[in-house]
Amino acid sequence: MGNAGNTPWRIGFWTIIGAALLTRLWNISDPPRVMFDEVYYATMANFYISGTPFVDTHPPVARLIFALAAFAGGSDGTATFPTPGMPYGSFPYIWLRAASSIAGIISI
């Protein structure tokens, strides 16, 4: 029988992974505006990149991951986003959204 017993499991696994990819990455760049908590994450990522001191009461792991993603995307650390709904301009926001999406896919 060999590997034939694993076939339904593999089909189910890849179907779930495919659905996770589709639902998390579909239209990831829309809208090109700051949404909800991105106000804090994008701004704090830029603070880390620029070396600007700030106070945050939460553990820094997620912000550091977003800072790494923003840096990899080419952020120079100068942009701040004080309110939701404002345009991102040249800030690599897709990199931050992709980092969050990939974490969600890996958690599956």
Side-chain angles (χ1 to χ4, degrees):
M1 194 154 181
N3 232 2
N6 289 337
T7 303
W9 181 88
R10 289 180 188 202
I11 291 170
F13 174 79
W14 288 112
T15 300
I16 291 169
I17 294 299
L21 285 165
L22 182 67
T23 58
R24 285 165 177 80
L25 298 176
W26 178 266
N27 219 7
I28 195 168
S29 63
D30 192 41
R33 298 184 172 281
V34 180
M35 302 305 295
F36 307 113
D37 286 348
E38 290 176 352
V39 168
Y40 307 108
Y41 284 105
T43 299
M44 289 181 187
N46 277 330
F47 287 163
Y48 275 116
I49 291 169
S50 67
T52 303
F54 66 96
V55 176
D56 184 16
T57 59
H58 299 285
V61 176
R63 275 106 170 129
L64 288 169
I65 291 170
F66 284 127
L68 179 64
F71 184 73
S75 175
D76 61 3
T78 58
T80 58
F81 306 100
T83 61
M86 65 181 295
Y88 270 117
S90 64
F91 182 77
Y93 69 96
I94 295 173
W95 286 74
L96 269 66
R97 291 180 183 174
S100 180
S101 297
I102 290 167
I105 294 165
I106 290 172
S107 70
I108 292 174

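FYI, side chains are in, hydrogens and waters are out, and symmetry mates aren't considered; it's all heavy atoms of this structure.
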Heavy-atom side-chain proximity of P32 to Y93 below 4.5 angstrom: yes

Residues P92 and G73: closest non-hydrogen pair is CB-O, 3.7 Å

Say you draw a straight line from CG of D37 to OG1 of T43; how long is it, rounded to the nearest 0.5 Å? 11.5 Å

Any heavy-atom pair between the side chains of P60 and Y48 that's under 4.5 Å? yes

Has the side chain of Y41 got a donor or acceptor atom that lies under 3.5 Å from a matching backbone atom of F66? no

Side-chain donor-acceptor pair present, N46, T80, cut-off under 3.5 Å: no

Spatial distance of atom CG (L68) from atom CD1 (I49) [nearest 0.5 Å]: 8.5 Å

Roughly how far, to the nearest 0.5 Å, is the CD atom of E38 from the CE atom of M86? 12.0 Å

Flag side-chain contact, heavy atom, 4.5 Å: I106 against I102: yes

W95 side, atom CH2; F71 side, atom CZ - distance, nearest 0.5 Å: 11.5 Å

Between I105 and L21, is there a side-chain heavy-atom distance shorter than 4.5 Å? yes

Once salt bridge (charged side-chain N to carboxylate O under 4.0 Å, His left out) is applied, do any residues pair with D56, and if so which ones, sequence neighbours excluded? R63

Would you indicate whether F54, at its atom CZ, is surrounded by more than 12 heavy atoms from other residues, nucleotides or ligands within a distance under 6.0 Å? yes

Backbone of G104 reached by a side-chain donor or acceptor of S107 within 3.5 Å: yes

Going by side-chain contact (heavy atoms from CB on, under 4.5 Å), name the residues that satisfy it together with I28, two or more places apart in sequence or in a different chain. L25, I94, R97, A98, S101

A side-chain contact here means heavy atoms from C-beta on lying under 4.5 Å apart; do M44 and L64 qualify? no

Please give me the minimum heavy-atom distance between A69 and A99, naming the atom from each residue. CB-CB, 4.1 Å

Report yes if the distance between the aromatic ring centroids of F81 and Y88 is under 6.0 Å, otherwise no. yes

Just do the side chain to side chain contact (heavy atoms under 4.5 Å, CB included) check on V39 and T83 with the steps written out, would you? CA-CA 6 Å; V39 168; T83 61; 5.8 Å; no

